[in-house]
Amino acid sequence: MKHISKLPNIETTIFSVMSALANKHQAINLSQGFPNFKSDKKLKDLVAKAMQSGYNQYAPMPGNIELRERIANKFDLLYNSSYHPETEITITAGATQAIFTIISAFVKQEDEVIIFKPAYDCYEPAILLQGAKPVSVQLNAPNYSVDWSAVKQKINHKTKMIIINTPHNPSGSVLSKADMLQLEALTKNTNIIVLSDEVYEHIIFDGKKHQSACLFPDLKARSFITASFGKTFHNTGWKIGYCCAPKPLMTEFRKVHQFNVFSVNHPMQKGLADYLQDSNHYLEIAAFYQEKRDLFLSLIKDSRFTFQASQGTYFQVLNFSEITQEYDVDFAKRLTVENKLAAIPLSVFNDDNKDDKVLRFCFAKTKDTLKKAAEIINKI
Ligand code: PMP
Ligand code: GLN
């Protein structure tokens with residue numbers, strides 16, 4: 001058989017590559033982003049209870065209505081912003097499926113989609129599969145802040161969508177209110193859809209306030225917001241999240257979603273709906289992760305890696321240019337094999353593998369793991 005690849009230049013995701021290498025060499029795995037501690041027993045018990053009490057058949061296509069109502073309450077509480085649970089919120093198989101479905105539902109051949117590099121790696125393939133063109137705006141180390149004049153230059157009549165991500169994976173930077181106002185001004189009176197990837201909305205540090213797209217009326221009117229319960233409640237393996245958008249956008253989304261997954265696993269939706277009744281479960285997450293970030297950074301402060309403290313997400317970027325001038329992918333692999341510590345090289349998220357000599361370390365780990373990782377880092 002012969003076939004022409006639809007994604008000739010896409011390789012296996014770096015997260016699979018580095019986790020496999022870490023496992024093979026029994027390295028401490030701070031590469032792929034997932035916690036190595038247990039999630040809340042209360043949540044697991046609620047899911048088990050949902051299974052035992054019969055939530056085992058298809059959920060409604062847009063998701064369990066109680067869960068959608070709790071999500072609507074959360075938007076109300078956190079951002080004083082309303083989304084109608086019936087028509088404006090849909091439960092998805094993780095943020096990944098939401099993102100793929102949003103792009104499939106709106107982006108057509110020849111359209112352009114603006115993404116910020118380094119970019120989380122699921123955006124670009126989804127754009128390419130529509131026959132559309134990803135248009136990059138580079139964020140530069142060490143601040144990874146957005147140059148909005150560069151964005152303005154890239155917007156034209158073909159621009160269908162702009163994808164933002166705050167707090168930002170992999171850099172740990174966050175968009176400010178001023179950034180969001182710039183985006184709002186740039187997209188005003190256009191047909192551009194904004195996909196706002198907010199999976200780390202609850203993981204933001206030093207008293208900063210998450211600037212959700214829903215806080216800005218004109219942005220809200222053109223935005224999909226995507227979120228992930230895997231990230232928020234330490235269960236990345238559950239692959240459950242949601243997205244919300246004004247009704248006309250969500251109607252189009254559901255036309256694709258119903259044939260993409262139809263609906264998402266039901267007992268977890270019911271368990272999460274019950275768990276979300278207590279807002280402390282998400283309000284406590286920022287302090288929980290800030291303690292981990294601070295511990296990790298205090299342990300490695302005298303190492304030869306240099307850094308600016310992460311502002312959000314559970315990732316910390318470390319610069320290694322005082323240690324070696326190796327290509328970051330080579331250094332990340334050598335660190336895994338020789339020093340038994342795995343991290344993610346950032347060049348794979350950039351155009352032309354732009355290499356700023358930085359690696360991303362996941363600090364969603366137990367204190368013990370962070371201490372062991374720091375011992376290795378301090379010896380390098
Ligand atoms: N967006 C970003 C920025 C991410 O880091 C991730 C990884 N969790 C996702 C989307 C996908 O989330 P999920 O695991 O819920 O599919
Ligand atoms: N979001 C996770 C990360 O950034 C990885 C998810 C995945 O493995 N696809 O590390």
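The basis for the numbers below is simple: all heavy atoms, side chains too, and nothing from hydrogens, waters or symmetry mates. Counting starts at 1 for both ligands and their atoms, following the listed order.
Looking from atom 3 (C) of ligand 1 to the surrounding protein, the closest heavy atom is Asp197 OD2, 3.3 Å. The nearest heavy-atom contact from the protein to atom 11 (C) of ligand 1 is Thr96 OG1, 3.2 Å. Remark: minimum distance from atom 14 (O) of ligand 1 to any protein heavy atom is reached at Lys239 NZ, 3.1 Å. From the protein, the heavy atom lying nearest to atom 6 (C) of ligand 2 is Tyr120 OH, 3.3 Å.
Classified by interplanar angle (parallel below 30°, tilted 30° to 60°, perpendicular above 60°), the ring pair Tyr314/Tyr289 is tilted. Relative orientation of the Phe320 and Phe331 rings is tilted, given thresholds of 30° and 60° on the angle between their planes.
Taking 4.0 Å as the cut-off between side-chain N and carboxylate O, Lys44 and Asp40 do not count as a salt-bridged pair.
Taking the ring centroids of Phe315 and Phe363, they lie at or beyond the 6.0 Å cut-off. Side-chain rings of Phe349 and Tyr120 stay apart, their centers remaining 6.0 Å or farther from each other. For Phe229 and Tyr242, the ring centers sit closer than 6.0 Å to each other. For His234 and Phe288, the ring centers sit closer than 6.0 Å to each other.
Distances shorter than 4.0 angstrom do not occur between any heavy atom of Thr13 and any atom of ligand 2. Taking 4.0 Å as the cut-off, Thr236 does not count as a neighbour of ligand 1 on heavy-atom distance.
Under the 4.5 Å side-chain heavy-atom criterion for Ile, Leu, Val, Met, Phe, Trp and Tyr, Phe216 and Ile204 are members of distinct hydrophobic clusters.
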Indicate every side-chain donor-acceptor pair of residues 300-308 with a distance under 3.5 Å to a residue at least two apart or in another chain.
from: Ser303; atom 1: OG; to: Ile300; atom 2: O; distance (Å): 3.0
from: Ser303; atom 1: OG; to: Phe305; atom 2: N; distance (Å): 3.2
from: Arg304; atom 1: NH2; to: Glu322; atom 2: O; distance (Å): 3.3

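Looking at Tyr200 against ligand 1, only its side chain comes within 4.0 Å, counting heavy atoms.
By the 3.5 Å distance cut-off applied to N or O atoms, Gln97 is not counted among the residues near ligand 1. Among the atoms of Ala95, some N or O lies under 3.5 angstrom from an N or O of ligand 1. Taking only nitrogen or oxygen atoms, main chain and side chain alike, Lys231 reaches within less than 3.5 Å of ligand 1. For ligand 2, none of its N or O atoms has an N or O atom of Phe15 under 3.5 Å away. Backbone and side-chain nitrogen or oxygen atoms of Tyr120 are examined, and none is located within less than 3.5 angstrom of a nitrogen or oxygen of ligand 1. The shortest N or O to N or O distance between Asn165 and ligand 1 is not under 3.5 Å.
If you check each of Gln32, Arg360, Lys231 against atom 2 (C) of ligand 2, the one with the closest non-hydrogen atom is Lys231.
A donor-acceptor pair shorter than 3.5 Å can be found between the side chains of Glu198 and Ser212.
Listed by number with element, the atoms of ligand 2 under 4.0 angstrom from any heavy atom of Phe315 are 3 (C), 4 (O), 10 (O). Against a heavy-atom cut-off of under 4.0 Å, Asn169 is close to the following atoms of ligand 1: 3 (C), 4 (C), 5 (O).
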